[in-house]
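Below is one structure, written out as structure tokens; comments come after it.
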Amino acid sequence: MPPLNLIFAGAGEFGLPTLRALLDAGHHLVKIFSQVDRPAGRGRKLTPTPIAQFALDQKLDLTRTADINSEPLPPADAMIVIAFGQKISQTVANHARLGAINLHSSRLPKFRGAAPINWAILAGEAHTGNSIIRLAERMDAGAILGQSLLPIGELETAGELHDRLAADGAPLMLKVLDQLANGIAIETPQDESQATRAVKLSRESTLIDWSQSAQVIALKIRGMYPWPGCRVRLTDPAGKEIDRLTLVRARPAITATAAPQSTPGSITANGTISTGDGTNTESDSLEIIEVQPEGKRPMPLTAYRNGHPLDPGARLISIA
């Protein structure tokens with residue numbers, strides 16, 4: 001494919017593999033737009049977005065802006081938008097010769113919105129993928145130009161799936177650009193009757209109701225990690241706080257025998273967590289696989305228990 005002159009608008013890490021692939025393929029990035037620098041870290045130092053930092057490192061033409069619609073645009077063959085976080089006007093979307101296209105991390109029309117990767121896991125989906133669509137006035141509603149399909153791992157977290165989808169999006173973008181440049185791209189309107197929403201998550205979204213099934217809770221733990229993260233207070237049987245943890249990975253427990261009935265959210269004699277109605281059958285007992293103590297790296301629960309014996313009756317109390 002002959003090199004194209006491209007405008008790229010993005011902010012988050014999700015767009016980095018595609019941006020690298022565009023450069024490696026010989027395309028010309030005539031302008032990079034990203035969000036303005038924001039405070040980050042303990043010192044709250046103004047920090048460029050991942051896309052802005054990459055552009056600075058590569059000495060690309062970068063504009064950090066709070067409103068792309070007010071910025072002058074250079075001539076371009078196409079505009080690519082990935083995890084940008086700003087509403088783009090139709091004037092800007094129609095500026096480039098081949099128009100503007102967006103990489104979205106779900107198989108649209110499923111999971112339109114801000115958190116499609118999280119919601120694919122939360123919903124218990126077996127597969128997900130990427131979609132490349134036309135930029136439209138309604139969020140994530142543009143015609144589909146290309147899609148991919150990826151299985152979701154049994155214990156995969158949202159963070160891990162994010163990285164796999166980010167890598168998967170790069171070759172898909174190159175393929176769609178080639179089709180657009182050669183006039184063979186097929187645009188398929190989305191089936192509005194199949195559209196679902198992936199609303200933005202918050203700390204309050206992470207609160208665990210231990211009376212729910214182990215399956216629902218396991219999906220929530222994986223789908224919320226690493227952000228916003230399902231955080232818990234670990235207390236001993238008397239109610240004294242032992243530690244604070246973020247739960248990383250879990251699954252419904254498979255036990256040979258049921259443990260005695262116990263309060264949902266408490267540790268059973270089998271070492272699992274009582275969920276559901278507290279009868280601790282195979283369908284309502286949760287096995288924690290991995291945890292992250294405050295200020296530390298994630299670790300298997302077996303390693304954590306070496307320094308923190310967990311007695312039956314100890315409890316996990318969900319906190320935002």
Side-chain angles (χ1 to χ4, degrees), residues 10-16 35 38-45 47 49-51 82-86 104-106 110-125 128 139-140 152-166 196-235 241-251 264-265 273 275 286-301 304 315-320:
E13 292 182 357
F14 191 77
L16 285 175
Q35 299 273 23
R38 292 179 179 171
R42 291 185 177 180
R44 308 305 292 163
K45 178 182 178 182
T47 303
T49 69
I51 292 296
I82 305 177
F84 183 45
Q86 290 184 23
H104 182 79
S105 52
S106 79
K110 272 191 173 183
F111 305 121
R112 294 177 178 175
I117 298 172
N118 306 83
W119 280 102
I121 295 178
L122 292 170
E125 296 286 311
T128 187
M139 183 174 61
D140 303 328
I152 299 176
E154 179 187 2
L155 292 174
E156 191 166 25
T157 66
E160 293 165 339
L161 185 56
H162 169 282
D163 293 348
R164 286 206 299 128
L165 284 166
T196 61
R197 303 288 294 169
V199 297
K200 188 176 181 180
L201 300 174
S202 66
R203 289 287 188 189
E204 287 67 34
S205 309
T206 68
L207 290 172
I208 296 173
D209 178 359
W210 296 105
S211 68
Q212 292 183 309
S213 72
Q215 176 65 13
V216 168
I217 296 171
L219 292 173
K220 186 167 194 171
I221 289 168
R222 291 169 40 227
M224 297 282 186
Y225 188 83
W227 195 93
C230 290
R231 300 171 61 241
V232 295
R233 292 173 51 232
L234 171 62
T235 68
E241 182 172 314
I242 300 171
D243 205 353
R244 296 197 175 198
L245 307 168
T246 298
L247 305 181
V248 177
R249 217 180 303 270
R251 64 187 171 199
I273 309 301
T275 60
L286 185 75
E287 180 186 3
I288 303 294
I289 306 294
E290 192 172 352
V291 299
Q292 183 173 3
E294 278 194 340
K296 297 182 181 179
R297 294 180 180 275
M299 65 177 66
L301 182 65
Y304 179 78
R315 295 194 62 190
L316 298 180
I317 300 172
S318 184
I319 56 176

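Everything numeric in this text was worked out from a predicted model, so none of it was measured.
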Rounded to the nearest 0.5 Å, what separates atom CG in Leu301 from atom CD1 in Ile273? 8.0 Å
Without placing hydrogens or testing angles, list every side-chain donor-acceptor pair under 3.5 Å for residues 226-235, not counting sequence neighbours.
{"from": "Arg231", "atom 1": "NH1", "to": "Ala320", "atom 2": "O", "distance (Å)": "2.7"}
{"from": "Arg231", "atom 1": "NH2", "to": "Glu294", "atom 2": "OE2", "distance (Å)": "3.2"}
{"from": "Arg233", "atom 1": "NE", "to": "Glu241", "atom 2": "OE1", "distance (Å)": "2.8"}

Once rounded to the nearest 0.5 Å, what's the spacing between atom CG of Leu286 and atom OG1 of Thr275? 6.0 Å
Considering all heavy atoms, the nearest Phe14-Ala83 contact: CB-CB, 4.5 Å
Contacts of Gln35 that satisfy side-chain contact (heavy atoms from CB on, under 4.5 Å) - sequence neighbours left out: Ala11, Arg38, Thr49, Gln86
Less than 4.5 Å apart, any side-chain heavy atom of Ile208 and any of Leu247? yes
Does some side-chain heavy atom of Met224 sit less than 4.5 Å from a side-chain heavy atom of Ser205? yes
Contacts of Tyr304 meeting ring pair (Phe, Tyr, Trp, His ring centres under 6.0 Å) (sequence neighbours excluded), chain-then-number -> His308
Could you pull out the closest heavy-atom pair between Gly223 and Ala158, with the gap in Å? O-CB, 3.5 Å
Between the side chain of Arg249 and the main-chain N/O of Leu155, is any donor-acceptor distance below 3.5 Å? yes
Among residues at least two apart in sequence or on other chains, which ones pass salt bridge (charged side-chain N to carboxylate O under 4.0 Å, His left out) with Arg251? Glu287
Please confirm whether the backbone N or O of Glu156 pairs with a side-chain atom of Arg222, one donor and one acceptor, at under 3.5 Å? yes
Kindly compute the distance separating CZ (Arg164) from CD1 (Ile152), expressed to the nearest 0.5 Å. 8.0 Å
Evaluate side chain to side chain contact (heavy atoms under 4.5 Å, CB included) for Lys220 paired with Leu122, printing each intermediate quantity in order. CA-CA 6 Å; Lys220 186 167 194 171; Leu122 292 170; 4.2 Å; yes
Closest approach of Val248 to Val291 (non-hydrogen atoms, all atoms of both residues): CG2-C, 3.8 Å
For Ser106 and Pro116, the nearest pair of non-hydrogen atoms, with its separation, is CB-CB, 3.8 Å
Spacing of CD1 belonging to Ile221 relative to CD1 belonging to Ile121, to within rounding of 0.5 Å: 12.5 Å
Output for pair (Thr206 OG1, Leu201 CG), nearest 0.5 Å, gives 9.5 Å
Does a side-chain heavy-atom distance below 4.5 Å link Trp119 with Val199? yes
Give me the atom names and distance for the closest heavy-atom approach of Pro264 to Trp210. CB-O, 3.6 Å
Between the side chains of Glu290 and Tyr225, is a donor N or O closer than 3.5 angstrom to an acceptor N or O? no
By salt bridge (charged side-chain N to carboxylate O under 4.0 Å, His left out), Glu125 pairs with (sequence neighbours left out) Lys110
With sequence neighbours excluded, residues passing side-chain contact (heavy atoms from CB on, under 4.5 Å) with Arg112: Leu108, Pro109, Arg138, Asp140, Ala141, Gln190, Glu192, Ala195, Arg197
Would you say the side-chain atoms of Thr47 pair up with the backbone N or O of Lys45, donor to acceptor, closer than 3.5 Å? yes
Can you measure from OG (Ser213) to CD (Gln215) and round to the nearest 0.5 angstrom? 6.5 Å
Verify side chain to side chain contact (heavy atoms under 4.5 Å, CB included) between Phe84 and Ile51, making sure each step is shown before the conclusion. CA-CA 9 Å; Phe84 183 45; Ile51 292 296; over 6 Å; no
